[in-house]
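Have a look at the structure below, then the notes.
Numbering starts at 1 and runs along the sequence shown. Everything numeric in this text was worked out from a predicted model, so none of it was measured.
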Amino acid sequence: MKTIRSALLAHFDASRRALPWRVGRTPYRVMVSEFMLQQTRVETVIPYYERWMRRFPDWDALAGAELDDVILEWKGLGYYARARNLHRTAQVVRERYGGRLPADPDELRTLPGVGEYTAGAVASIAFGRAVPAVDGNVKRVLARLLDLERPAPGRLRREAARLVDPERPGDFNEAMMELGATVCTPRSPGCAECPVARWCRARKAGTVGERPARRGRGRGVRRVEYAVAVLVDEAGRTLLVRRPPKGLLAGMWEVPAVRVGGGGGVGVGAALPLAASDLRPAESLPVVHHAFTHLRAAYRPVIIRVPPSTRRDGCPSRRPGAAAPRGSAWVHHTDLDDWALPVAQQKIGALLTRWLACTPHPGSG
Ligand code: ADE
């Protein structure tokens, strides 16, 4: 046992990547990195992490921030529930724990958005607790080391708990994650360079490529389609509506859309301040596709020109809620970056900008 640990740690010491959350470590910095790294690749996270730390350098800065600003900083990372949970976690840390994150993994698990993996990662990396942290990469490494076809989560946790180095638990867990991300990769594992190849049962059995067994592709994935009404006025402004405070992409802004091909409407947070007879459908923009975890969405945007006389909201308005009906706002297409729009909606915004550039339209610059 000692030898597999030391082989892994020696490899980590020699090759660990220089990542921003590995310097100036504080529990806050570790927690933010682990939230961002849930379901997101290291390379994607780095610039978001650095910007976040400039904007919200500690628990107090984050706890005192407006949720809208927090979501704006997160924009583009996806899975926005993480941003809301991290914000609430900061408030709980401030109010319940006097600004100091608890070190105990069971206590950490009571915080919003902190599951078994994140609690283990933070307890081991930030506080040196000898507990495992089993993310997707570590699952794969363990399934191969132990040659397990479809290991149950409990089994993997027990194996990881047995394996974790009691003296350097944080480094050990990061070394396992890093091995999975850089050497023991899903499709072309580098067994020749692997520091723990001699302990790998799948390698011995010739089953590395089949461990762990893949789930059927696309299983359980729902497909949905939306018709998107890109209302655009003479000044180049478009109507945004706010999504409900709970559920997918909660509280974010979007171009109004209705589900088509069955199912109910979504996302329209307020009645549009227009008479249907005022609307002038113009043309379709290209379809935008976006994959959520269990959902593949296709957005079919249609431009609808809105004459200025039909506007009843007292624009201009740049911030949510200012002089616009509750839950909706007219936003100039060049200002869309300032709003918390999901990725698919940002693409629709970019299509609108391109369409305006190619279409004679007063105020489209
Ligand atoms: N993935 C999740 N946490 C990580 C970490 N601390 N270092 C590298 N990759 C990670």
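The closest side-chain heavy-atom distance from V232 to I304 is not below 4.5 Å. The shortest distance between side-chain heavy atoms of D171 and R16 falls below 4.5 Å. Taking 4.5 Å as the limit, every side-chain heavy atom of V70 sits out of range of all side-chain heavy atoms of L86.
Salt-bridge annotation for K204 and D147: absent, with no side-chain N of the basic residue lying under 4.0 Å from a carboxylate O of the acidic one. Residues E159 and R201 are not paired through a salt bridge, judged by the lack of any N-O separation under 4.0 Å between the basic side chain and the carboxylate. Between E178 and R17 there is a salt bridge, since at least one side-chain N of the basic residue sits less than 4.0 Å from a carboxylate O of the acidic one.
Contact detail for R144 and P189: the closest heavy-atom pair is NH1-CB, 3.7 Å. Of all heavy-atom pairs between E210 and G206, the closest is OE2-O, 4.3 Å. The two residues P169 and A130 have their closest heavy-atom pair at CB-CA, 3.6 Å.
In this structure, a donor-acceptor pair under 3.5 Å is present between the side chains of R140 and N137. Under the 3.5 Å distance criterion, with hydrogens and angles disregarded, no donor-acceptor pair is assigned to the side chains of H333 and T238.
To the nearest 0.5 Å, atoms CZ (R155) and NZ (K139) are separated by 15.0 Å. The CG atom of L77 sits 5.5 Å away from the CZ atom of R82 when rounded to the nearest 0.5 Å. In this structure, the separation between CG on L8 and CG on D165 is 9.0 Å, given to the nearest 0.5 Å. Rounding to the nearest 0.5 angstrom, the gap separating the OG atom in S6 from the CD atom in E167 is 10.5 Å.
Taken together through direct or relayed side-chain contacts under 4.5 Å among Ile, Leu, Val, Met, Phe, Trp and Tyr, W21 and L62 form part of one hydrophobic cluster. A chain of hydrophobic side-chain contacts below 4.5 Å, direct or via other Ile, Leu, Val, Met, Phe, Trp or Tyr residues, connects V134 to L145. Under the 4.5 Å side-chain heavy-atom criterion for ILVMFWY residues, no single connected hydrophobic cluster contains both F12 and V138. Under the 4.5 Å side-chain heavy-atom criterion for ILVMFWY residues, no single connected hydrophobic cluster contains both V343 and W339. Neither V131 nor V141 shares a network with the other; the hydrophobic side chains, linked directly or stepwise wherever heavy atoms of I, L, V, M, F, W or Y lie under 4.5 Å apart, form separate groups for each.
The side-chain hydrogen bond (donor to acceptor under 3.5 Å, both in side chains) test applied to R94 returns no partner, not counting sequence neighbours. Applying the salt bridge (Lys or Arg N to Asp or Glu O under 4.0 Å) test to D104 and every residue at least two apart in sequence or in another chain returns R129.
No donor-acceptor pair under 3.5 Å is formed between the side chain of T110 and the backbone N or O of D106. A distance-only check finds a donor-acceptor pair linking the side chain of T40 to the backbone of Q38 [under 3.5 Å]. Side-chain N or O atoms of R211 include none that pairs as donor or acceptor with a backbone N or O of A143 at under 3.5 Å. H11 places no side-chain N or O within 3.5 Å of a backbone atom of A175 that could act as its donor or acceptor partner. With D335 contributing its side chain and V331 its backbone, the two residues share no donor-acceptor pair below 3.5 Å.
Annotation for R25: atom CZ counts as buried by contact number, over 12 foreign heavy atoms lying within 6.0 Å. Counted within 6.0 Å of CZ on R198, heavy atoms from surrounding residues, nucleotides or ligands total 12 or fewer; the atom is thus considered open. More than 12 heavy atoms of other residues, nucleotides or ligands lie within 6.0 Å of CD in E95, so this atom counts as buried by the packing criterion. The environment of CZ in R88 is sparse: at most 12 heavy-atom neighbours from other residues, nucleotides or ligands sit within 6.0 Å.
Both tests hold for R51 against Y48: distance to the six-membered ring centre under 6.0 Å, angle to the ring axis within 45°.
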